[in-house]
Amino acid sequence: MYNFKNDYSEGAHPRILDKLIETNLIQQAGYGEDEYAKAAKSILKKKIANEQAVVYFLSGGTQTNLLVLSFLLRIHEAVISAKTGHISANETGAIEATGHKVITVETLDGKLTPKDITKTLKEHALAPHVVKPRIVYISNSTEIGTIYTLTELEALYVCCREHHLLLYLDGARLGHALMAENNDLTLKDIGNYADVFYIGGTKNGALLGEAVVFNKPELALDFDYAIKQKGALLAKGRVLSIQFLELFKDDLYFELAQKANSYAMRIAQVIKEKGHSFLTDSTTNQIFPILPKSVIETLSQKYQFYIWKEIDNDYAAIRLITSWATDEEQVASFMEAILKS
């Protein structure tokens, strides 16, 4: 059975493993003070064109969301998220467990708009009897494969400024968003129009790891204390920093995301040729085709994927994810199976 369930079934890109082995016996300072961390942070600051940015390396996406949001929110404050947002749907109540409410918004495409924000603020205006929205949480790409445009991100940022909110971007699949065929955003744009964001490594070639970036250094004051207190400060921080240095020193990160996207789009094209529709208009490495259940049953005998949503008695939407390590022959085989269905 070949796995199209996620983009982290394999270990890490060979270059990362090679670099970890090559540097294995070189002594380094611990707790993120190693020379590789300094080099990787320097590269990332140049990529976002903000030398004042503050960068930390953490081990996973849920951990990053939990640490950043709980650190930035005061005891009575809440975060606004699309209902499909990862902090709402897939993190076991991690944010709520810290005492902060996640205010969810129904969306058609997984993306929040200024209209969503202003409506939510009006619904939470009865101070001090309701929680106070303070952070807007978005994902790029979203949990259903869609991406934000530059115009959309800028509009959200302006809205947040007007209402004294912070904009936080979950970048678990940021590489795939930036390499989507219809994308017009750059890392520099995200540096300009997000207060805090993170660059996901776990789902794009790294063994593990995310790079959280505070574009405004004042927001990061004492964040290192929060990392330590929550048990997230690795003594062997080099394990994370070496990976990001290797991913970004010559844009391997973007090459890997491009590969994943291209495989997904090849599969999507064949599905379209067969006359099937999609649950969302995704141009990233996650696609959600709506297929007859008989076809799904046949495909599931050779391939693993999630049945995402029941449509009716005869149809359901499935989620297919490709990655940097997806086997091209398996992509071709899956496409052939679709054509024969």
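Quantities reported herein were computed from a predicted structural model and do not represent experimental measurements.
The pair Lys228-Asp222 fails the salt-bridge criterion, with no side-chain N (NZ, NE, NH1 or NH2) lying under 4.0 Å from an Asp/Glu carboxylate O. A salt bridge links Lys216 to Asp195: one of the charged nitrogens lies within less than 4.0 Å of a carboxylate oxygen. For the pair Lys293 and Glu310, the salt-bridge criterion is met [side-chain N within less than 4.0 Å of a carboxylate O]. Between Lys45 and Glu51 no salt bridge is recorded (no basic side-chain N to carboxylate O distance below 4.0 Å). A salt bridge between Lys119 and Glu123 is present, with a side-chain N of the basic residue lying under 4.0 Å from a carboxylate O of the acidic one. Under 4.0 Å is where a charged nitrogen must lie from a carboxylate oxygen, and between Glu152 and Lys111 at least one such pair does. Note on Arg74 versus Glu77: no salt bridge recorded, every NZ/NE/NH1/NH2 to OD/OE distance being 4.0 Å or above. Looking at Glu336 and Lys340, a side-chain N of the basic residue comes within less than 4.0 Å of a carboxylate O on the acidic one, giving a salt bridge.
Atom CG of Leu126 has more than 12 heavy atoms from other residues, nucleotides or ligands within 6.0 Å. Counting non-hydrogen atoms of other residues, nucleotides and ligands closer than 6.0 Å to OH of Tyr303 gives a total above 12.
Listed for the Ser323 side chain is a donor-acceptor partner under 3.5 Å among the backbone atoms of Ala325. Panel note: side chain Arg238, backbone Thr23; a donor-acceptor pair is recorded below 3.5 Å. A donor-acceptor distance shorter than 3.5 angstrom exists from the side chain of Thr280 to the backbone of Ile144, with no hydrogens or angles considered. The backbone N or O of Leu208 lies less than 3.5 Å from no partner atom in the side chain of Thr202, so there is not a single donor-acceptor pair. Between the side chain of Thr322 and the main chain of Thr326, no donor-acceptor pair closer than 3.5 Å is present.
The shortest non-hydrogen separation linking Ala257 to Asn204 is N-OD1, 3.4 Å. Contact record, Val213 with Ala53: CG1-CB, 4.0 Å, taken as the closest heavy-atom pair.
Ring geometry, Trp324 versus His13: the interplanar angle falls from 30° to 60°, so the pair is classed tilted. Using cut-offs of 30° and 60° for the angle between ring planes, the Phe254 and Phe248 rings count as perpendicular. Classification of the Phe71-Phe214 ring pair by plane angle, with boundaries at 30° and 60°, yields perpendicular.
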Handout entry: Test ring-ring contact (aromatic ring centres under 6.0 Å, His included) applied to Phe244 and Phe57, step by step
Key = CA-CA 9 Å; Phe244 277 91; Phe57 298 115; 5.2 Å; yes
Exercise for the section: Give the C-alpha distance, both sets of side-chain angles, the deciding distance and a yes or no for side chain to side chain contact (heavy atoms under 4.5 Å, CB included) between Leu156 and Thr113. Expected result: CA-CA 6 Å; Leu156 270 178; Thr113 67; 5.6 Å; no
Practice task
Starting from the C-alpha separation in whole Å, work towards a yes-or-no answer on salt bridge (Lys or Arg N to Asp or Glu O under 4.0 Å) for Arg319 and Glu143.
Solution key: CA-CA 11 Å; Arg319 184 182 77 166; Glu143 286 70 24; over 6 Å; no
Exercise for the section: Would you check, one step at a time, whether the test salt bridge (Lys or Arg N to Asp or Glu O under 4.0 Å) holds for Lys19 with Glu22? Expected result: CA-CA 5 Å; Lys19 184 58 67 173; Glu22 177 188 326; 3.3 Å; yes
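Aromatic pair Phe334/Tyr2: ring centres not closer than 6.0 Å.
Geometrically, Lys203 does not engage Tyr8 in a cation-pi contact defined by less than 6.0 Å to the ring centre and at most 45° from the axis. Geometrically, Lys41 engages Tyr56 in a cation-pi contact, judged by NZ or CZ lying under 6.0 Å from the ring centre and within 45° of the ring axis.
Checking Ser59 against Gln63 by side-chain atom types alone, a donor-acceptor pair falls below 3.5 Å.
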